[in-house]
Enquirer: 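I'd like to ask some things about the structure below.
Lettering of chains follows the sequences in order, A, B, ..., and the numbering in each one begins at 1.
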Number of protein chains: 2
Amino acid sequence: MEPVSTEQVAAFRRFNRYFTRRIGVLNDHYLGQDRPLGEARLLFEISENPAGVSLRELRSRLGLDAGYLSRMAKALQAQGMVRLRTHPDDNRLRMIELTPAGRVEVKEQNRRADTLASDVLRGLTAPQRQQLTDAMATARRLLRLAAITVELVDGHAPDARACLDAYAADLDARFPEGFDKADLVRPGQVSGDAGAFFVAYEEGRPVGCGALRRLEPGVGEIRHVWVHPDARRLGLARRLLAAIEHESLRRGWNVVRLDTHAVLTEARAMYRACGYQEIPAYSDHVYGQHWFEKRLAP
Amino acid sequence: MEPVSTEQVAAFRRFNRYFTRRIGVLNDHYLGQDRPLGEARLLFEISENPAGVSLRELRSRLGLDAGYLSRMAKALQAQGMVRLRTHPDDNRLRMIELTPAGRVEVKEQNRRADTLASDVLRGLTAPQRQQLTDAMATARRLLRLAAITVELVDGHAPDARACLDAYAADLDARFPEGFDKADLVRPGQVSGDAGAFFVAYEEGRPVGCGALRRLEPGVGEIRHVWVHPDARRLGLARRLLAAIEHESLRRGWNVVRLDTHAVLTEARAMYRACGYQEIPAYSDHVYGQHWFEKRLAP
DNA sequence: CGATTCCTTTGACTAAAGTCAAAGATTATG
DNA sequence: CATAATCTTTGACTTTAGTCAAAGGAATCG
């Protein structure tokens with residue numbers, strides 16, 4: 001991997017410093033106006049899960065100490081902002097959710113945060129506002145992408161299966177004829193010498209996958225490249241593809257093939273953009289309607 | 001001014017939330033590794049002023065309580081990071097500056113912040129890194145611009161004179177023949193009915209100016225449009241120009257003229273882009289070599 | 001079914017962050 | 001030149017944030 005240019009590091013830090021000093025401080029100030037910042041943040045995080053969320057989950061998401069969280073939850077409960085109950089299936093877990101009063105409070109928090117944002121934007125002309133929000137969207141997209149890691153996992157791993165289930169549900173909704181899970185690779189086909197399975201993780205959660213399996217000597221097949229709806233348009237599919245191609249090459253499978261369904265037009269465009277060429281049918285997968293091949297440069 | 005679109009507010013907040021949660025937290029963690037965050041921030045702020053800075057100044061810049069700051073300064077002094085002395089001209093003020101040990105400490109802080117930035121950037125391809133840092137630069141530019149206010153001040157105001165002094169020094173360096181301060185407008189010419197003076201402020205500091213004065217009935221003259229070197233390339237000159245034009249129109253001076261020196265090519269380009277047309281000489285200012293006019297639409 | 005692991009609560013702390021007001025030394029101002 | 005204003009220091013707090021360990025109830029595993 002190429003080294004990072006010092007000019008880029010400097011630009012990154014300039015932004016970082018400016019933003020945290022200007023916006024970050026204001027933000028915390030607004031947020032922590034009528035209660036401690038920690039409580040305000042907790043309240044906000046709870047509001048992100050309207051159906052309630054376990055303390056366990058919050059603890060890992062916010063990186064809080066168990067005792068600390070327990071006390072904050074109690075304080076919020078005493079203020080009538082949240083309701084605590086035990087998890088129906090597991091009595092060790094405590095579920096926390098907003099009360100109507102809590103929802104009002106969060107609404108007020110949001111109103112304040114909106115005010116902060118509008119106040120900043122109001123200082124700009126309409127095209128400048130658009131430019132700013134576009135730049136922010138680009139920066140967020142790339143920051144997210146930078147934080148996502150692609151890892152080789154065993155085909156039997158729960159995360160692998162979870163991704164495949166989500167993938168199957170996705171296709172079932174998109175294909176006019178539906179999707180039959182029988183078409184999924186079996187764990188053994190993408191483990192060990194037979195193949196490989198990659199899972200992309202964002203902040204610990206699996207958000208994408210891709211499989212490689214041995215098709216014939218020197219030829220690998222790419223299957224089940226999928227990205228979670230929340231992680232689309234980041235450029236993650238290309239990253240998965242690159243990881244799979246790299247693995248294929250490592251195994252000496254210098255050619256990779258794949259097939260895809262007619263309705264997945266964006267996928268076809270991506271494969272073409274990544275150097276894949278459409279070829280005649282090489283298999284009779286139920287859902288294969290376009291076939292691609294790429295010769296990998298060592 | 002047009003209202004701010006909710007989509008833009010949402011995009012702003014999405015970024016805000018993501019950035020503070022991801023980068024802000026990491027940053028604070030790195031920074032506060034071997035001393036309290038407050039002290040680390042203070043140390044950094046002091047390092048920005050190699051010649052030393054008064055506690056007074058730090059207090060207003062960081063928004064700290066006087067007592068709190070005094071104690072932190074004492075703590076840093078005890079650790080051998082800073083030296084405290086009284087201001088030569090005003091014995092009430094205390095000046096604070098880094099010791100060699102303090103400079104080493106700040107260097108280490110910087111090294112860690114650089115590491116954080118490179119670690120993030122390393123997760124991207126070279127073009128993506130460039131895209132990210134470009135987006136950050138754009139965002140910073142616009143955030144700065146949004147925070148700058150343009151205010152009408154009296155021509156005698158100290159900030160107005162300070163800007164004109166800086167303007168004069170600037171031109172003296174750029175004009176081959178130098179610049180004589182006698183050419184500057186007199187305070188009376190840009191106050192009351194005779195004219196107006198605008199100063200642009202960024203975080204309390206004057207960073208630009210522009211003057212309007214009555215040339216003849218119905219015609220105003222724009223003079224001394226200047227932007228501090230640190231605030232250039234933000235689009236501030238256009239903002240100053242817009243404020244002056246608005247004021248001119250308000251007074252019923254529907255035409256504005258200005259002249260500029262041949263070496264200021266960017267200025268000429270800007271005037272043209274803002275709707276100014278080159279006209280024959282309308283005055284015999286010593287430094288006027290190009291003349292412009294704009295008819296203001298009511 | 002007994003040991004182990006999980007999750008939460010509680011007690012007992014500590015450190016950091018921040019506030020307020022009084023007091024002392026200087027400087028500006030009418 | 002007296003008075004007011006400015007700036008820093010100090011004492012005496014409070015609140016927030018965070019840590020650690022013990023303990024108890026509940027699920028899981030062999």
Side-chain angles (χ1 to χ4, degrees), chain A residues 20-21 24-25 27-46 52-79 81-97 158, chain B residues 20-21 24-25 27-46 52-79 81-97 158:
Chain A
T20 46
R21 231 196 48 227
V25 166
N27 206 41
D28 286 358
H29 176 254
Y30 270 117
L31 202 59
Q33 226 163 317
D34 28 52
R35 70 184 67 251
L37 200 55
E39 269 179 40
R41 276 204 260 260
L42 180 56
L43 211 49
F44 182 84
E45 196 71 29
I46 296 167
V53 56
S54 67
L55 291 186
R56 169 72 229 278
E57 178 76 17
L58 285 175
R59 202 148 48 87
S60 80
R61 270 228 285 277
L62 298 175
L64 296 171
D65 173 79
Y68 186 26
L69 174 60
S70 174
R71 256 179 277 258
M72 277 202 289
K74 213 166 70 174
L76 286 175
Q77 189 184 29
Q79 293 164 49
M81 297 288 125
V82 302
R83 212 188 337 268
L84 278 158
R85 55 177 63 154
T86 55
H87 192 282
D89 301 339
D90 184 341
N91 282 312
R92 291 172 305 182
L93 273 76
R94 295 267 276 167
M95 300 299 289
I96 189 165
E97 61 181 346
Chain B
T20 46
R21 231 196 48 228
V25 167
N27 207 41
D28 286 358
H29 176 254
Y30 270 116
L31 202 60
Q33 229 163 313
D34 31 48
R35 71 184 66 249
L37 199 54
E39 271 180 38
R41 276 203 259 260
L42 180 56
L43 210 50
F44 182 84
E45 198 69 29
I46 297 167
V53 55
S54 67
L55 290 187
R56 166 73 228 275
E57 178 76 18
L58 284 175
R59 201 147 49 86
S60 80
R61 268 228 285 278
L62 298 174
L64 296 171
D65 174 80
Y68 187 26
L69 174 59
S70 174
R71 256 179 277 258
M72 277 202 291
K74 212 165 72 172
L76 285 176
Q77 188 184 28
Q79 293 165 49
M81 297 289 125
V82 301
R83 210 187 340 266
L84 278 159
R85 56 177 62 154
T86 56
H87 190 283
D89 301 338
D90 184 340
N91 280 312
R92 290 172 304 180
L93 273 75
R94 296 268 277 166
M95 301 298 289
I96 189 165
E97 61 179 348

Enquirer: Looking only at heavy atoms, what is the nearest atom pair of B:Ala73 and B:Val82, with distance?
Expert: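 Shortest heavy-atom contact: O-CG2, 4.0 Å.
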Enquirer: Could you state the CD-P distance from B:Gln33 to C:dA16, rounded to the nearest angstrom?
Expert: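 Between P of C:dA16 and CD of B:Gln33: 14 Å.
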Enquirer: Please pick, from C:dT19, D:dA26, C:dT10, the nucleotide with the shortest atom-to-atom distance to any side-chain atom of A:Arg92.
Expert: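 Of the candidates, D:dA26 comes closest.
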Enquirer: Can you see which heavy atom on B:Ala75 is nearest to which on B:Glu39, and at what distance?
Expert: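 Smallest interatomic distance, heavy atoms only, reads CB-OE2, 3.8 Å.
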Enquirer: Check every strand shown and say whether B:Leu64 touches a base, only sugar-phosphate, or nothing at a heavy-atom separation below 4.0 Å.
Expert: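 The residue B:Leu64 makes no contact with any strand.
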Enquirer: D:dG25 C1' sits how many Å from A:His87 NE2, rounded?
Expert: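 In whole Å, D:dG25 C1' lies 17 Å from A:His87 NE2.
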Enquirer: Could you tell me the separation between the CG atom of B:Asp65 and the P atom of D:dG11, rounded to a whole number of Å?
Expert: 15 Å
Enquirer: D:dT16 C1' sits how many Å from A:Arg41 CZ, rounded?
Expert: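 After rounding, the reported distance stands at 12 Å.
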Enquirer: Could you walk me through whether B:Arg41 and B:Asp28 satisfy the salt bridge (Lys or Arg N to Asp or Glu O under 4.0 Å) test, starting with their C-alpha distance in whole Å, then the side-chain angles of each, then the deciding distance to 0.1 Å, before giving a yes or no?
Expert: CA-CA 9 Å; B:Arg41 276 203 259 260; B:Asp28 286 358; 3.6 Å; yes
Enquirer: Can you identify which nucleotide, out of D:dT19, D:dT8, C:dT8, has its nearest atom closest to the B:Arg59 side chain?
Expert: D:dT8
Enquirer: In this structure, how many angstroms lie between the P atom of D:dT8 and the CG atom of B:Leu76, rounded?
Expert: 16 Å
Enquirer: Can you tell which of C:dT27, D:dT8, C:dT10 lies closest to the side chain of B:Arg94?
Expert: D:dT8
Enquirer: Need one value for A:Leu69: base, sugar-phosphate or nothing, where a base atom within 4.0 Å counts as base even if backbone is also close, heavy atoms only.
Expert: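 No contact.
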Enquirer: Quick one: does B:Arg71 reach the base of D:dG11 with a side-chain donor-acceptor pair under 3.5 Å?
Expert: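 A donor-acceptor contact between them is present.
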Enquirer: Heavy-atom nearest nucleotide on DNA chain D for A:Leu37 versus A:Asp90: which residue maps closer to 5'?
Expert: A:Leu37
Enquirer: Determine whether B:Arg56 and B:His87 satisfy the following criterion, side-chain contact (heavy atoms from CB on, under 4.5 Å), listing intermediate values before the conclusion.
Expert: CA-CA 11 Å; B:Arg56 166 73 228 275; B:His87 190 283; over 6 Å; no
Enquirer: Does A:Glu39 or A:Gly67 map to a spot on DNA chain D nearer the 5' end, using the closest nucleotide for each?
Expert: A:Glu39
Enquirer: Rounded to whole Å, please give me the gap between NE2 in A:His29 and C1' in C:dA17.
Expert: 15 Å
Enquirer: Report yes if some heavy atom in the side chain of A:Glu97 is under 4.5 Å from a heavy atom in the side chain of A:Arg85; otherwise report no.
Expert: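 A side-chain contact under 4.5 Å exists here.
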Enquirer: Which part of the nucleic acid does A:Asn91 contact within heavy-atom distance under 4.0 Å: base, sugar-phosphate only, or nothing?
Expert: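 Touches sugar-phosphate only.
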Enquirer: Within this structure, what is the CG-to-P distance between A:Leu58 and C:dT8, rounded to whole angstrom?
Expert: 9 Å
Enquirer: Below the 4.0 Å mark, does D:dT10 have OP1 or OP2 next to a side-chain nitrogen or oxygen of B:Lys74?
Expert: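 Indeed, a polar side-chain atom of B:Lys74 lies that close.
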Enquirer: Distance check needed: C:dA17 P versus B:Met72 CE, whole Å only.
Expert: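 The distance from CE of B:Met72 to P of C:dA17 comes to 8 Å, rounded to the nearest Å.
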